[in-house]
Amino acid sequence: MALQAPTPIPLLTPYKMGNFNLCHRVVLAPLTRMRSYGNVPQPNAILYYSQRTSKGGLLISEATGVSDTAQGYPNTPGIWTKEQVEAWKPIVDAVHAKGGVFFCQLWHVGRVSNQDFQPNGQAPISSTDKPLTVEGFHGAHSTPPRRLRTDEIPQIVNDFRIAARNAIEAGFDGVEIHGAHGYLIDQFMKDEVNDRTDQYGGSLENRCRFALEIVKAITNEIGADKVGIRLSPFADFMESRDSNPKALGLYMAESLNKYEILYCHMVEPRMKNAFEKSESPHSLLPMRKAFRGTFLVAGGYEREDGNNAIAKNHGDLVVYGRLFISNPDLPKRFELNAPLNKYNRDTFYISDPIVGYTDYPFLEDTS
Ligand SMILES: Cc1cc2nc3c(=O)[nH]c(=O)nc-3n(C[C@H](O)[C@H](O)[C@H](O)COP(=O)(O)O)c2cc1C
C-alpha cells in the first residue's frame, strides 16, 4: 500500500495567482537592505535572493527607486538606468533558476529624503511642502520638500511607467507599486500629509488619483496580470496618517478592481509603524472582501497566525519580512515546524555584503 503524504499546513498549499502557479503561500516581503552601492544592485544580492527562493515561491524585491529623485537612503537600488537594469538581470536569473517568481517593488520616497540624495542638491519632491518633523532614517536629517506642481505630476507617473518597463526588461515577472509606509504615493493618499487644492488633493478620490494614475500607466505598459500594489492605510510611519484609514483602504481596494491588477498587498493595522506590532481594533477583512484579485497580508506574522489567515480565508498569501531575513529556508522550516533563527536588527541595514545578509544558517547547517 502506498504511503499517504501528510496533509500540508495551509501555508504550504499551492495557489494559482493569475498566470503563476505558486507551490506555497509564504512570500518574501520587500526588504530594504542597503547593500546596493551607488544605487546599483550588487552581485552579493544574487546569493541573498537565491537563498530565499523555493520552487513556486513568490519573492518581492527590496524597494527600488524609479528615478534619480526617488532615493532617500544610502545604497538602495534603482531601476532607471541601463546599468541598474543590467545589474538586476543575474539576480533575477538566479531566482528563476530555482523556480521562484520575482516581483520588483517600485519606489519613490518623496519627502523622506534630503537634498544630499537629490540631483543638484535640489529639494525632495512631495504632495506637500510640509517637512517631516521627525528625523529621517538613521538620524539623517530631512530637508523641506517642494510641492509638485500639477503639471509636473504626469512626469512622475511616467517615471513609474518606465521603471516598470525596465523591470520587465531585467526579467522580473512583474512589479509591486510601493504605495505604503509614508513614501511618495502614500504622501498623496493620506489626508494628514496631502494639503493640496488641485485635483490631487482634498477628497478621497482626488488624493488617490496619483496612485491610480500610476496603476493605470503601468498596467497599460506591462499588463495588469503583472501588477501588484502595496498599501498601508492604517500605518503612520514617516508621519503619514489618515483620519479615516478604513475608508481609504476600501476606496483603493474597490478602485483597483477597475484595473484588474493581479494583487493587492496590505499591511495589517497592527503594524502602526513599519516594524512594531501593537493591538488594533481594525482588520483588513473589508478590503480583502472588496478586492477581486489576489490578496496578500503582511505584518507581524508567524507560523500559526499565517496558517490561520489562510485557513480562514483572510488572505491568499502571507508575506514575511524579518523572519525571512534570518531564515532563508523559511517555507521549509514552516513545513517541518522547525525552530527559527533569531534576526539581528543591528545588521538589517549595514552595508556589509555578507554579515546579516547571506550568513544566516539553513536547517541543514544547524542540524
Ligand atoms: C529591514 C527591513 C526593511 C524593510 N524594507 C521595506 C521595503 O523596502 N519596502 C516595504 O514595502 N517594506 C519594507 N519593510 C517592511 C516589511 O516589508 C514588513 O512589512 C515588515 O517587516 C513587517 O513584517 P514582518 O513582521 O514579517 O517583518 C522593511 C522592514 C524591515 C525590517
Side-chain angles (χ1 to χ4, degrees), residues 11 25-36 39 41 45 48-49 52 58-66 70-79 103-110 112-113 137-138 175-187 189 211 228-238 240 263-278 280 284 296-306 309 315 317-327 330-331 333-334 340-352 355-357 360:
L11 280 172
R25 322 279 186 123
V26 183
V27 178
L28 175 69
L31 292 160
T32 292
R33 303 307 313 276
M34 299 201 200
R35 279 131 165 122
S36 294
N39 304 134
Y48 169 75
Y49 282 107
R52 284 155 187 79
L58 174 63
L59 294 82
I60 305 166
S61 81
E62 63 210 272
T64 299
V66 298
Q71 307 298 105
Y73 302 83
N75 301 323
T76 50
I79 193 146
F103 274 54
C104 182
Q105 191 186 50
L106 300 181
W107 193 32
H108 194 303
V109 304
V112 186
S113 185
F137 197 75
H138 280 192
V175 302
E176 173 174 295
I177 299 162
H178 193 343
H181 295 155
Y183 298 113
L184 183 63
I185 296 173
D186 206 37
Q187 288 158 30
M189 284 190 288
I229 188 168
R230 187 175 224 210
L231 300 168
S232 61
F234 294 94
D236 58 14
F237 190 57
M238 291 297 167
S240 198
Y263 74 73
C264 178
H265 174 182
M266 277 205 193
V267 179
E268 290 285 349
R270 64 185 174 194
M271 304 307 281
K272 260 306 216 191
N273 59 30
F275 309 107
E276 299 304 331
K277 253 200 264 197
S278 56
S280 167
L284 296 180
L296 280 64
V297 292
Y301 275 100
E302 295 175 25
R303 182 178 186 268
E304 194 180 338
D305 57 353
L317 304 172
V318 182
V319 179
Y320 290 89
R322 289 163 294 184
L323 292 181
F324 229 137
I325 289 180
S326 55
N327 296 277
L330 189 63
R333 288 178 191 249
F334 281 163
L340 302 180
N341 301 322
K342 291 208 161 35
Y343 53 81
N344 177 5
R345 286 166 200 273
D346 297 340
T347 55
F348 281 173
Y349 300 112
I350 62 172
S351 62
D352 193 287
V355 176
Y357 193 54
Y360 282 106

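We count ligands from 1, going down the list as the structure has it; atoms in each ligand are counted the same way. The figures that follow rest on heavy atoms only: side chains count, while hydrogens, waters and symmetry mates do not.
Residues Met34 and Thr76 have side chains in contact (heavy-atom distance under 4.5 Å, counting atoms from C-beta outward). For the pair Phe348/Arg322, a side-chain contact is recorded, criterion being any heavy-atom separation below 4.5 Å from C-beta on. The side-chain heavy atoms of Phe237 and Val267, taken from C-beta on, include no pair separated by under 4.5 Å. Under the 4.5 Å side-chain criterion, counting only non-hydrogen atoms from C-beta, Tyr349 is not in contact with Tyr73. A 4.5 Å side-chain heavy-atom check between Ser232 and Met271 finds every atom pair outside the cut-off.
Checked against a 3.5 angstrom limit, the closest N/O atoms of His178 and ligand 1 fall inside it. For ligand 1, the polar-atom distance check finds an N/O of Arg322 within less than 3.5 Å of one of the ligand's N/O atoms.
Here Phe348 has side-chain heavy atoms under 4.0 Å from ligand 1, and that is the only part of it that gets that close. At a heavy-atom distance under 4.0 Å, only side-chain atoms of Arg230, from C-beta outward, approach ligand 1.
Near Ala63, meaning under 4.0 Å from any of its heavy atoms, are these atoms of ligand 1: 8 (O). Shown in contact with Gln105 at under 4.0 Å from a heavy atom are these atoms of ligand 1, numbered in order with element: 7 (C), 8 (O), 9 (N), 10 (C), 11 (O). Under a 4.0 Å criterion applied to the non-hydrogen atoms of Thr32, ligand 1 contributes the atoms 1 (C), 3 (C), 4 (C), 5 (N), 6 (C), 7 (C), 8 (O). Close contacts of ligand 1 with Met271, meaning ligand atoms under 4.0 Å from a residue heavy atom, involve 22 (C). Contact atoms of ligand 1 toward Tyr320: 26 (O) (distance under 4.0 Å to a heavy atom of the residue). Using a 4.0 Å cut-off to heavy atoms of Ala29, the atoms of ligand 1 that qualify are 17 (O).
Between Val267 and ligand 1 there is no heavy-atom distance shorter than 4.0 Å. Note on ligand 1: Ala180 sits outside its first shell, no heavy atom being nearer than 4.0 Å. Residue-ligand proximity: Phe324 is placed with every non-hydrogen atom at 4.0 Å or more from ligand 1.
Checking Pro30, Gly321, Gly299, Ser232 against atom 14 (N) of ligand 1, the nearest heavy atom belongs to Pro30.
Rounding to the nearest 0.5 Å gives a distance of 12.0 Å between OH of Tyr320 and CZ of Arg25.
For Ala298 against Val319, the heavy-atom pair with the smallest separation is CB-CB, 3.7 Å.
Using cut-offs of 30° and 60° for the angle between ring planes, the Trp107 and His178 rings count as parallel.
A donor-acceptor contact shorter than 3.5 Å is absent between the side chain of Asn75 and the backbone of Arg35.
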